[in-house]
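The shown structure was predicted, so the numbers you read here are calculated from the model rather than taken from an experiment. Residue numbering restarts at 1 for every chain, and letters A, B, ... go by the order of the sequence lines.
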Protein chains: 2
Amino acid sequence: MKLASLREGGRDGRLLLVSRDLARAERAATAPTLQAVLDDWARLGPAIAAEWTAFETNPSRGFPFDPAACASPLPRAYQWADGSAYLTHVELVRRARGAEMPPSFRDDPLMYQGGSDGFLGPCDDIPLGDEAWGLDFEGEVAVVLDDVPMGADEATARAAIRLFVLVNDVSLRNLIPAELAKGFGFFQSKPASAFSPVAVSPDELGAAWDGDRLHGALLCSVNGTLFGRPDAGRDMQFGFPRLIAHAARTRALGAGTILGGGTVSNRHEDLARAWVDQGGVGFACIAEARTIETILHGAPRTPFLRAGDRVRIEMKDQEGRSVFGAIDQRVAAVATQCKAA
Amino acid sequence: MKLASLREGGRDGRLLLVSRDLARAERAATAPTLQAVLDDWARLGPAIAAEWTAFETNPSRGFPFDPAACASPLPRAYQWADGSAYLTHVELVRRARGAEMPPSFRDDPLMYQGGSDGFLGPCDDIPLGDEAWGLDFEGEVAVVLDDVPMGADEATARAAIRLFVLVNDVSLRNLIPAELAKGFGFFQSKPASAFSPVAVSPDELGAAWDGDRLHGALLCSVNGTLFGRPDAGRDMQFGFPRLIAHAARTRALGAGTILGGGTVSNRHEDLARAWVDQGGVGFACIAEARTIETILHGAPRTPFLRAGDRVRIEMKDQEGRSVFGAIDQRVAAVATQCKAA
């Protein structure tokens, strides 16, 4: 099943059924919003699945699907938590900050609590108040959850996964070191994230979802040039059930929680050939490229994103068809009342 | 105006009007839930205020108000962000962890992103998986916001404050040092918070709200004994507008965002006389008492909360009447599938 949220009605949008080929869409009859389905999955989950199947198998139904008319599948959510399960990314980004990766990171997942009060839509501009903040994208895979009880084991966690989405976890790199040094984690350095136009159920992913990891290249482009194609199923130290169990260790997770796996990153056998045009898998964020440039050349070369730059994040199936639709955003400078609060 | 959420209907409860004396309540006709009012404050804010005034001035209306039948005013929210504006607390709690307070903390607010997917109700048990986690309460004041634009200045931030609530920001003290050392802030160490039964509009607070700080003693009791009565308007380094502007520096804040001022704490002139029974103002959390005990005696004496312990947090007006109703919770041991995920 593939679902989206049309920017229509209230802040939570209007739930859409989307055809497997992303060509057609139709307003769902089962429930007005995705959160409404998640709030009552036992009853509405089977109903929306049946409604979607009837829609999918009748090619005459629906109107043309337009990702640009959509909000993120959950336009806002009650929780956005993001793990950091690709240790190559953790290691490189920390090296760029002059920080080492403790060995415990191989056994104990790293996770932060993100803001979820208003996400950017898949084709929305990324508002940037100051280029000096160092705007970066982060390409990720995330799961949308049903209720998870406190202290859930991995089997319970796995069974609570309802949908998959792609994420652009927008980061302000130059604000991160000082903010993390304060000890309370990210706040100003992690503004609103954007999600793929379509959320996809596990059964629709076939063998690409092995119950722990989602396999497939995450295609990340900057200004139309492929910047990275790391495989989301490779080098992911902790699978999603483990990340969910970590999040639920001391508290229940409410239905509609979105949990990310962190910036996708594969191990680079040869740092000098990590770039896509050198035959490498490249990067799902700019910071990784800059860190390797610093290691190789003493200073970063790839700039962070500036006003007018475009970022595209997508995943294709074995036949080359887009699974989630594309996150396709432009950076837009915005004037604000106050930059220094 | 005073509002609450009856545990009725869906996950967001049923919006109640509550009389000033907290004796009576009535289901609101303006909107079914508090979030619905916040989502459309320009239209529904004046309507709910008018409805409340008509209810308040007719003592024959309504049914007896029962805080135990209520969820938190927002049973779940799209954002819970918590500042830490009382530097005495920051300094003491950091001292307990062997960490110093950087001087920049006097100019740059400390804030963390909390989980908001499901709050405890004002009289709900606090579920505790393991007493070794070091369960503590934290008595706080928080504001509930309308939309705040990115980069808002303090005047815009102040004008976005719609309601006030009290908070028990439940903390697992023994999990904090290792979690913060990982660098990504709190996650497992901050399980679900609880809020006062009633949310109160700024106009209802009179002179106690000076536009920056809410003045009044926050009465915190443990097992029926007064543990602290610090004044929320004293020693708060940053007022709420400043904290809101800090939160909104790089991103807009969505309507219904709850923003806390941090554990209320007043400067102790004489550490040995900080306790209430010594004539001091005492503490709005156990950690502060334990830190001072460690300074005075070399080791903490006051235990963290155990199964069966009760915590009560309340604020009274000049005439001794409860403003928000009381947070009144019991700690309950819960068995979970998995403690070590």
Enquirer: A/Leu172 versus chain B, heavy atoms under 4.5 Å apart: side chain, backbone, both or neither?
Expert: side chain
Enquirer: What part of A/Ser84 is in contact with chain B, defined as an atom under 4.5 angstrom from a non-hydrogen atom: side chain, backbone, both or neither?
Expert: side chain
Enquirer: Do A/Trp133 and B/Thr250 touch side chain to side chain, with heavy atoms closer than 4.5 Å?
Expert: yes
Enquirer: Should A/Arg158 and A/Asp212 count as an ion pair when the cut-off is N to O under 4.0 Å?
Expert: yes
Enquirer: Using the six-membered ring of B/Phe186, assess whether NZ or CZ of B/Lys190 lies under 6.0 Å from its centre and within 45 degrees of the ring axis.
Expert: yes
Enquirer: Determine the option with the most heavy-atom pairs under 4.5 angstrom with chain A, choosing from B/Gly115, B/Gly118, B/Ala178.
Expert: B/Gly115
Enquirer: Looking at B/Ala192, B/Pro149, B/Ala335, B/Ala247, which one has more heavy-atom pairs under 4.5 Å with chain A than the rest?
Expert: B/Ala247
Enquirer: Given the options A/Ile244, A/Thr257, A/Asp147, which has more heavy-atom pairs under 4.5 Å with chain B than any of the others?
Expert: A/Asp147
Enquirer: Report which part of A/Ala248 has an atom under 4.5 Å of a heavy atom belonging to chain B: side chain, backbone, both, or neither.
Expert: neither
Enquirer: Non-hydrogen atoms of chain B under 4.5 Å away: do they reach the side chain of A/Ser116, the backbone, both or neither?
Expert: both
Enquirer: Relative to chain B, which of A/Gly10, A/Pro102, A/Gly114 shows the most heavy atom pairs under 4.5 Å?
Expert: A/Gly114
Enquirer: Against chain A, label B/Leu175 side chain, backbone, both or neither, depending on which of its atoms sit under 4.5 Å from a heavy atom there.
Expert: side chain
Enquirer: Can you confirm if the NZ or CZ of B/Arg251 lies within 45° of the ring axis of A/Phe187 and under 6.0 Å from the centre of its six-membered ring?
Expert: yes
Enquirer: Please classify the contact between A/Asp82 and chain B as side chain, backbone, both or neither, with a heavy-atom cut-off of under 4.5 Å.
Expert: neither
Enquirer: Measuring heavy-atom distances to chain B, does A/Ala255 have an atom under 4.5 Å in its side chain, in its backbone, in both, or in neither?
Expert: both
Enquirer: Using a strict cut-off of less than 4.0 Å between a Lys/Arg side-chain nitrogen and an Asp/Glu carboxylate oxygen, indicate whether B/Asp124 and B/Arg7 qualify as a salt bridge.
Expert: yes
Enquirer: Between B/Pro127 and chain A, which part of the residue has a heavy atom less than 4.5 Å away: side chain, backbone, both or neither?
Expert: both
Enquirer: Got B/Leu110 and B/Val90 here, is their nearest side-chain heavy-atom distance under 4.5 Å?
Expert: yes
Enquirer: Could A/Arg76 and A/Asp117 be called an ion pair, given the rule that one side-chain N must be under 4.0 Å from one carboxylate O?
Expert: no
Enquirer: Would you kindly check if the NZ (Lys) or CZ (Arg) of A/Arg106 is within the cone defined by 45 degrees around the ring axis of A/Phe238 and under 6.0 Å from the six-membered ring centre?
Expert: no
